[in-house]
Every structure is written in C-alpha cells, then in structure tokens.
Engineer: 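Mind having a look at this structure? Questions to follow.
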Amino acid sequence: MDFLDAFLGDAKKWIVGECSIDLRFVARKSSTPDTYEIVHASLAVLPLPDQRSKDLDFELEANGFWFGQQHADGLSAQEAINIVADACAGFVVAYGRHLKLTGYGRNFRALPVDNEWVASTLGISIGSQAPWGHREDVSLLEVNETLRRSSPPFDGLEDILSWLALQADLGSEDRKLNLIVHAPVNVRADKTKVEDGAVHLTVVAHPNLEFDDVTVALRGAPPKGVAHRMQVADRIVWADSEDDVRYGTAKIEMPGIDAAQVILSLGFRYIFRQWFTDAVRSRNERYLAVRLFDANLKQLRRFVLEDSNSDKFEIAIAALAFMSGFSPGMTLETSAPDIVVSTPTGRLVLVECTIKTSDVHLKIGKLVDRREALRKALQGDGRQVSLLSVLVCQSSRENVAAEDRELAQKGILLLCREDLQTHLDGALHAPIDPDQMYKDALDHLMLLSRPTSTPSTSGDLF
C-alpha cells in the first residue's frame with residue numbers, strides 16, 4: 001500500500017457521519033472552459049456540520065486568477081469520502097467549476113496541522129510542477145489593484161493569501177493541494193483538569209463514532225513507578241448525544257500527582273497530547289503564578305504559536321523564559337536585542353524573536369553584532385564571559401531558510417515552533433534548572449558546529 005492509499009484508508013475510518021468541508025483555493029485559468037489549474041488549494045474535512053462557516057464563502061477573479069473559499073455542510077460520510085478520493089487524484093470542484101492539479105513529478109508528504117478541534121490531524125500535501133498550459137504574463141501590480149477593487153475587497157495578494165491561509169507564488173510553476181481530515185474525537189481541554197490527586201477528564205466525539213479504536217492514556221507526575229501510567233478509555237462514561245456530539249467523562253484517582261499528561265489516540269494515530277497541572281499544587285511556582293491568571297496558558301499559547309502580533313510574541317517568549325526559571329528583561333531601545341535573559345548564576349542570553357521567516361537572516365546579523373558588542377564590553381575589565389544568543393521563530397523549522405549547523409557556527413541557537421510547542425506541553429509543570437539548560441544549550445551548539453555531527457534533537461533552552 002502506497003502513501004496515498006494509506007492516507008485514504010485512514011480518512012475513511014475518521015469520516016464517520018454527517019460532516020462539513022472547507023475548500024480554499026488560488027487557481028489559474030486553463031484552456032478548457034470552466035476549468036482552472038490549482039496554484040495552491042486546501043481541502044479540509046471537519047467532523048461536524050457547521051452552517052455558520054458559510055458566512056466566509058466568497059469567490060472572485062483577478063487578471064486570469066481565481067480566488068475563493070467555499071463550505072459544504074451536512075455531507076454524508078460517503079459524499080465526503082468521495083470528495084477526498086477525487087482530491088487525492090488532483091481534482092476538486094468549487095462553485096460548479098473544476099479545479100485540477102496538473103504537473104509531473106507529483107510528490108506526497110505528511111502534513112502536520114494544529115487546530116482548535118484537534119491537536120493532530122490526518123494531512124497530506126500533494127505537490128507538482130509543470131509549465132502552465134495556458135499562460136499569460138503576470139502583472140502582480142494589476143492583480144493587487146484588481147483585488148482592491150473587487151467585492152469583497154482585499155488589500156492585494158498579501159491580504160487575500162493571509163485570509164485564505166495559503167501560500168502561493170503566482171509566477172511560479174510549483175503547485176500544491178493540501179488535504180486535511182480532522183478527527184471525530186478529542187479531549188475538551190477547557191473541561192479537563194488535575195485537582196486533588198485526580199484527573200477530571202472530558203472527551204467529545206462525533207455521535208456516530210465507534211469507540212473500540214479510541215484509547216486514552218494517562219501519565220502522572222511525579223511518577224510512582226508505573227502505577228501512574230495507565231489506559232483509561234474503558235473508564236469513560238458516555239452520555240447521550242447533545243448538540244450533535246457525545247460527551248464522555250471520567251475521574252481517575254492518581255494520589256500524589258500535581259500534573260498529568262493526557263494522550264488520546266484513534267487507531268494507530270494520536271489525536272491529542274497535553275499536560276494538565278493542578279492549579280494549586282504545581283512544583284514550579286513561576287508556572288503556577290502565570291497559569292493562575294491564564295487558565296491552561298490559553299493566551300500564552302495563542303501568542304507563542306498562532307497570533308502574528310510580533311510585540312505580543314516577544315512578551316510571550318519573555319513569559320515562557322520566566323516560567324522556565326530565567327530572569328528576562330524586555331529592552332526598549334530599537335538597536336538592542338528583543339530580550340536579555342539571565343540565569344540564577346548570572347549567565348546571559350541574548351534573544352531575538354521573529355514571526356516572519358523573511359526576517360531570519362537580518363535577525364542573525366543583529367544577534368551576532370549585539371552579542372559581540374556585549375562581549376567586548378564585559379571583557380573590558382578582564383572578565384571571561386559566556387554569552388549565548390538565541391533566535392526564536394514562530395514558524396516551523398522546515399520553513400526557516402537556515403541550517404542548524406550554519407547557525408551554530410555563528411554561535412546561534414535556533415528555536416522554532418516545534419521546540420516551543422514541546423516545552424509548553426511537557427516541561428513547565430516541574431521546577432527547571434536554568435543554568436543546566438544553559439550548559440546543555442552550549443554543549444548542543446558545540447556538537448552542532450562540528451563538521452561530522454548529526455544530532456537528531458534541538459537544544460531546548462526554554
């Protein structure tokens with residue numbers, strides 16, 4: 001069975017009843033009437049009907065290109081599966097017109113997706129490349145102005161691509177079709193908690209889901225041998241359907257814990273992995289102080305992982321450093337690093353933050369210049385100093401056009417979305433030794449900078 005067949009087979013297990021589909025696209029006119037060639041499109045299957053999403057539907061044309069979003073609601077499982085199967089073959093339909101993914105060298109890769117409904121989804125990206133069958137010169141200026149005059153109006157390509165959450169180069173021959181299937185079961189993080197040595201668990205599921213393939217694992221901390229590791233799916237009590245979903249609840253006694261990790265899986269794919277901490281028993285007082293006013297770190301996660309507000313991103317990274325035992329300081333001078341961080345023994349870290357991958361090389365240059373300026377100032381009276389410089393990116397590592405070894409040779413540690421997610425999910429509930437983290441980060445940089453080194457993990461500073 002090939003990669004595409006495996007994806008389609010899993011999708012058939014995840015699409016269990018009435019559902020919705022969200023299609024977003026950028027396409028280009030072809031020589032065939034009412035047929036467009038995909039530049040970039042995304043097709044997502046949502047596990048429940050959602051008529052409210054139709055308020056987002058629109059389509060418009062601009063200088064030979066077609067942009068839009070369309071929802072289909074109340075589809076049967078078989079109808080949704082047929083649409084996904086056609087998309088696997090490179091065909092989708094929007095507003096009665098055909099969209100096709102043409103090209104040679106078609107390739108497939110897994111597509112990890114984060115979403116409020118699930119922490120993990122089924123996803124693949126189908127890519128292809130070939131000369132356009134019907135091509136005219138692209139005037140980006142004209143496209144931008146047409147979009148500003150359209151209805152609904154968009155402030156050029158950057159605005160409409162951001163709205164659609166797509167990446168498309170209208171002048172490139174690269175095309176992409178992303179297929180995403182959201183899971184029919186999930187943990188309700190807002191209704192799950194650790195309290196008084198017990199895990200209070202709430203799970204939500206599609207009413208048609210058979211629960212034989214659902215597993216829920218718990219892992220308590222501090223550990224008590226393997227007694228605080230258990231499977232608990234058979235202890236969930238499921239209520240009748242309510243608002244087109246079913247809720248399951250359980251109270252699992254785990255005496256002595258102050259945190260627990262919940263891992264929910266469907267078949268052989270995990271859906272949800274997250275730590276929950278007792279609001280009054282955390283062994284990390286800094287974490288407790290922040291979490292008390294930001295339940296489940298909802299706002300912190302938003303600005304660390306999702307929101308494109310650069311100022312809030314810097315504040316969130318400083319808060320993450322604080323919870324990790326560091327003493328962070330936000331700087332006000334524009335020519336200074338975004339954050340200066342200190343360990344308990346006085347070791348310094350210079351931090352630059354960016355939400356734009358296009359800023360990476362500029363940030364690298366600034367980090368090196370500012371680190372060396374501080375090193376020179378500190379060494380003025382003969383002190384031997386250790387300085388660490390860290391570049392924190394909101395983007396995934398695969399989207400950052402810089403190699404870890406190249407950065408390590410410049411003395412820079414790169415932390416990306418994956419590192420931040422891992423730290424948020426598992427490290428904060430217990431006390432952290434910032435000086436040990438600092439030492440581990442320096443050792444990791446030294447290993448990375450060696451020509452023959454092939455480390456498989458990143459250096460997690462905070």
Engineer: Between atom CG of Leu348 and atom CZ of Arg371, what is the distance when rounded to the nearest 0.5 Å?
Structural biologist: 13.0 Å
Engineer: Do the side chains of Glu195 and His200 get nearer than 4.5 Å, heavy atoms only?
Structural biologist: yes
Engineer: Which label fits Trp238 and Phe211: parallel for a plane angle under 30°, tilted from 30 to 60°, or perpendicular past 60°?
Structural biologist: parallel
Engineer: Taking all non-hydrogen atoms of both residues into account, name the closest pair between Gly74 and Glu18 and its distance.
Structural biologist: CA-OE2, 3.3 Å
Engineer: Within the supplied structure, the quantity of interest is the number of heavy atoms (other residues, nucleotides, ligands) at a distance under 6.0 Å from Arg229 CZ; does it exceed 12?
Structural biologist: no
Engineer: Regarding Asp294 and Lys298, does a basic nitrogen lie under 4.0 Å from an acidic carboxylate oxygen?
Structural biologist: no
Engineer: Between Ser20 and Leu48 (side chain of the first, backbone of the second, donor and acceptor by atom type, cut-off under 3.5 Å), is there such a pair?
Structural biologist: yes
Engineer: Distance from Tyr247 atom OH to Arg188 atom CZ, nearest 0.5 Å?
Structural biologist: 4.5 Å
Engineer: With rounding to the nearest 0.5 angstrom, report the NE2 to CG distance, His71 to Asp73.
Structural biologist: 9.0 Å
Engineer: Hey, are Arg24 and Asp22 close enough for a salt bridge, meaning a charged N less than 4.0 Å from a carboxylate O?
Structural biologist: yes
Engineer: Once you round to the nearest 0.5 Å, how far does CD1 of Ile126 lie from NZ of Lys176?
Structural biologist: 12.0 Å
Engineer: Taking atom CG of Asp190 as the centre, report whether more than 12 heavy atoms of other residues, nucleotides or ligands fall under 6.0 Å from it.
Structural biologist: yes
Engineer: Do Thr343 and Phe326 make a side-chain contact, defined as non-hydrogen atoms from C-beta onward lying under 4.5 Å apart?
Structural biologist: yes
Engineer: Looking only at heavy atoms, which two atoms of Asp338 and Lys363 are closest? And how far apart?
Structural biologist: OD2-NZ, 3.3 Å
Engineer: State whether the number of non-hydrogen atoms from other residues, nucleotides or ligands found under 6.0 Å of Glu158 atom CD is greater than 12.
Structural biologist: no
Engineer: Take Leu101 and Val92 through the test side chain to side chain contact (heavy atoms under 4.5 Å, CB included) and record every step on the way to the result.
Structural biologist: CA-CA 9 Å; Leu101 185 73; Val92 291; over 6 Å; no
Engineer: Looking at side-chain heavy atoms only, is the closest gap between Leu201 and Phe276 below 4.5 Å?
Structural biologist: no
Engineer: A side-chain contact here means heavy atoms from C-beta on lying under 4.5 Å apart; do Val368 and Ser389 qualify?
Structural biologist: no
Engineer: Does Phe313 offer a backbone N or O that forms a donor-acceptor pair with the side chain of Asp307 under 3.5 Å?
Structural biologist: no
Engineer: For Pro337, is there any backbone N or O sitting under 3.5 Å from a side-chain donor or acceptor partner on Thr331?
Structural biologist: yes
Engineer: Salt bridge or not between Asp159 and Arg148? Use side-chain N to carboxylate O under 4.0 Å.
Structural biologist: no
Engineer: Counting only N and O atoms by type, is there a donor-acceptor contact under 3.5 Å from the side chain of His228 to the main-chain atoms of Ala221?
Structural biologist: no
Engineer: Within the structure provided, determine whether Glu306 and Arg417 are in side-chain contact (heavy-atom separation under 4.5 Å).
Structural biologist: yes
Engineer: Is Arg246 reaching over with its side chain to a backbone N or O of Pro207, donor-acceptor style, under 3.5 angstrom?
Structural biologist: no
Engineer: Nearest 0.5 Å, what's the CG-CG distance between Leu362 and Leu367?
Structural biologist: 10.0 Å
Engineer: Can you confirm whether Leu179 sits close enough to Val45 that some side-chain heavy atom of one is under 4.5 Å from a side-chain heavy atom of the other?
Structural biologist: no
Engineer: Any side-chain to backbone donor/acceptor pair from His206 onto Ile15? Under 3.5 Å, distance only.
Structural biologist: no
Engineer: Please determine if Lys13 and Asp213 form a salt bridge, counting it only when a charged side-chain N lies under 4.0 Å from a carboxylate O.
Structural biologist: no
Engineer: Heavy-atom count around Glu210 CD within 6.0 Å, excluding the residue itself: above 12?
Structural biologist: no
Engineer: Any side-chain heavy-atom pair from Lys439 and Arg347 closer than 4.5 angstrom?
Structural biologist: yes
Engineer: Where do Cys19 and Leu46 come nearest, in terms of heavy atoms and distance?
Structural biologist: CB-O, 3.0 Å
Engineer: Can you see which heavy atom on Glu418 is nearest to which on Ser396, and at what distance?
Structural biologist: OE2-CB, 3.4 Å
Engineer: Is there a donor-acceptor pair closer than 3.5 Å between any side-chain N or O of Thr192 and the backbone N or O of Thr202?
Structural biologist: yes
Engineer: For a 4.5 angstrom cut-off between non-hydrogen side-chain atoms, does Leu378 reach Leu387?
Structural biologist: yes
Engineer: Hey, is CD on Gln167 packed in by over 12 heavy atoms from elsewhere, all under 6.0 Å?
Structural biologist: no
